[in-house]
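Note that these values count all heavy atoms, side chains included, but never hydrogens, waters or copies made by symmetry.
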Amino acid sequence: MTEDVGSTVPRRQLGRLLRQYRTEAGVTLDAAAEALEYSRQKIWRIECGMGPVRVLDVKAMCELYGVSDEMSEAMRGLATETKSKGWWHAYGDAVPSWFELYVGLESAAASLRQYQETVIPGLLQTREYIQALARIDQPSASDEERQHAVQVRLQRQGLLTRRLPQPPKLDVIISEAVLRRRVGGEAVMTGQLSALVAASERASVSLRVVPLDAGPHVGAVAGSFVILDFPAAAAKGGRAAPEPSVVYSESLTGALYLDKPAELQAYEAAFASAARLAQGEAESRDTIKRIIGEMRHD
């Protein structure tokens with residue numbers, strides 16, 4: 001059964017097209033809001049792909065921007081697709097609104113390039129490690145709320161082993177400090193590191209470690225981030241229409257989604273900087289195994 005990737009990509013595609021046609025028509029956000037009797041925030045959210053879009057809204061915006069009948073019809077079709085829901089909607093508040101967009105993008109990605117400075121990447125965390133983190137970052141949450149958060153993360157991990165569509169390629173570069181930062185005690189941490197070793201042996205996963213003595217690099221300045229690349233989607237006439245890559249950078253209460261060419265170039269440079277100092281995959285596995293041994297003999 002094909003994985004339900006929800007409406008995330010259609011929302012972004014539609015929003016980008018509407019922004020493009022509004023700009024080409026010389027209509028500002030404020031002018032569009034006044035002409036359509038919408039709030040400025042509503043148009044901004046539509047253009048950023050932040051939620052489902054009504055077909056009637058797309059029709060009105062296309063008329064205002066002078067979009068051709070053929071393109072307007074195609075965009076109304078995209079609007080219909082924005083109403084589909086991904087699996088994560090079933091978890092309600094366990095998935096914050098600012099993270100919901102990322103889960104959809106992650107499910108649709110062809111590859112994920114991730115640099116981690118703080119914790120083990122979510123897609124590679126064990127249940128015990130996730131539970132230990134939940135006690136730290138959700139101190140006032142109930143046991144049931146924390147359990148929902150744990151289940152969301154575990155279900156996200158299913159994309160690495162799904163049959164269809166093909167699982168994304170996960171290319172992870174991780175600071176050695178993350179491996180040595182004990183979360184949940186020795187048993188939890190050694191179990192997590194052992195799981196990392198096993199995950200690194202999958203064909204779809206590349207895991208490399210930046211040793212502590214490697215020196216400074218741009219990735220350390222940028223902080224933890226993920227670059228998501230998407231497959232080309234079949235378009236009318238047999239042409240391919242690839243979804244632009246996006247950078248995701250998370251904070252305690254929100255996240256940044258960056259897709260401007262200059263932003264993407266900066267984070268690709270940061271990833272390349274970390275990659276130049278990282279150990280190879282085999283050496284990285286040896287490093288993790290060595291740290292496991294050190295923890296067990298402390």
Side-chain angles (χ1 to χ4, degrees), residues 88 91 93-96 99 102-103 106 112 114-161 170-202 204-214 219-220 222-226 248-255 274 277-279 281-298:
W88 50 91
Y91 287 91
D93 292 342
V95 182
F99 189 59
Y102 177 76
V103 178
E106 182 182 67
L112 305 162
Q114 183 168 11
Y115 175 71
Q116 256 299 350
E117 272 274 316
T118 53
V119 296
I120 302 296
L123 291 177
L124 302 178
Q125 293 174 1
T126 63
R127 178 186 293 272
E128 294 76 16
Y129 188 93
I130 298 168
Q131 290 171 332
L133 282 180
R135 287 191 289 270
I136 296 169
D137 62 20
Q138 300 180 46
S140 60
S142 66
D143 289 342
E144 182 180 4
E145 288 170 336
R146 289 198 192 105
Q147 189 57 33
H148 277 166
V150 170
Q151 290 303 322
V152 168
R153 186 155 299 178
L154 290 174
Q155 185 151 348
R156 278 176 54 208
Q157 294 178 2
L159 72 87
L160 294 179
T161 55
L170 178 61
D171 187 356
V172 173
I173 299 176
I174 188 168
S175 168
E176 182 182 340
V178 175
L179 307 175
R180 295 186 176 280
R181 182 173 295 121
R182 299 198 181 190
V183 174
E186 179 191 318
V188 171
M189 201 63 207
T190 54
Q192 173 63 80
L193 295 183
S194 296
L196 266 190
V197 172
S200 72
E201 294 171 346
R202 295 181 194 166
S204 61
V205 177
S206 171
L207 176 63
R208 291 171 287 170
V209 175
V210 179
L212 289 173
D213 60 2
S224 302
F225 61 89
V226 185
Y248 173 80
S249 178
E250 186 178 314
S251 67
L252 186 62
T253 57
L277 295 177
Q279 299 170 337
E281 293 181 34
E283 188 179 1
S284 294
R285 275 192 289 271
D286 289 342
T287 294
I288 298 172
K289 291 175 182 177
R290 186 180 70 252
I291 294 173
I292 292 173
E294 292 172 3
M295 286 186 178
R296 286 174 174 165
H297 290 91
D298 278 356

Between Glu294 and Arg180, does at least one N-O distance fall below 4.0 Å, as a salt bridge requires?
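Here Glu294 pairs with Arg180 in a salt bridge, since their nearest N and O are under 4.0 Å apart.
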Residues Arg156 and Glu106 bridged, charged N to O under 4.0 Å
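Looking at Glu106 together with Arg156, the answer is yes, because their closest N to O distance falls below 4.0 Å.
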Determine, step by step, whether Ser224 and Glu117 satisfy the side-chain hydrogen bond (donor to acceptor under 3.5 Å, both in side chains) criterion, reporting the C-alpha distance in whole Å, the side-chain angles of both residues, the deciding distance to 0.1 Å, and the verdict.
CA-CA 5 Å; Ser224 302; Glu117 272 274 316; over 6 Å; no
Check step by step if side-chain hydrogen bond (donor to acceptor under 3.5 Å, both in side chains) holds for Glu250 and Tyr248.
CA-CA 7 Å; Glu250 186 178 314; Tyr248 173 80; 2.7 Å; yes
Donor-acceptor check, side chain of [X] to backbone of [Y], threshold 3.5 angstrom: yes or no?
X	Y	result
Gln125	Ile120	yes
Arg146	Pro139	yes
Arg181	Thr118	yes
Thr126	Gln192	no
Glu176	Leu212	yes
Gln157	Gly122	yes
Arg285	Ser200	yes
Glu145	Ser142	yes

Say you draw a straight line from CD1 of Ile174 to OG of Ser284; how long is it, rounded to the nearest 0.5 Å?
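Ile174 atom CD1 to Ser284 atom OG measures 10.0 Å (nearest 0.5 Å).
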Could you grab the distance from atom CG of Leu207 to atom CD of Gln279, nearest 0.5 Å is fine?
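Between Leu207 CG and Gln279 CD, I get 10.0 Å after rounding to 0.5 Å.
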Count the heavy atoms belonging to other residues, nucleotides or ligands that lie under 6.0 Å from CD of Glu201, then report whether that count exceeds 12.
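Yes - once you tally the heavy atoms of other residues, nucleotides and ligands closer than 6.0 Å, there are more than 12.
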Dump the intermediate steps for side-chain hydrogen bond (donor to acceptor under 3.5 Å, both in side chains) on Ser206 and Glu281, then the final yes or no.
CA-CA 7 Å; Ser206 171; Glu281 293 181 34; 3.0 Å; yes
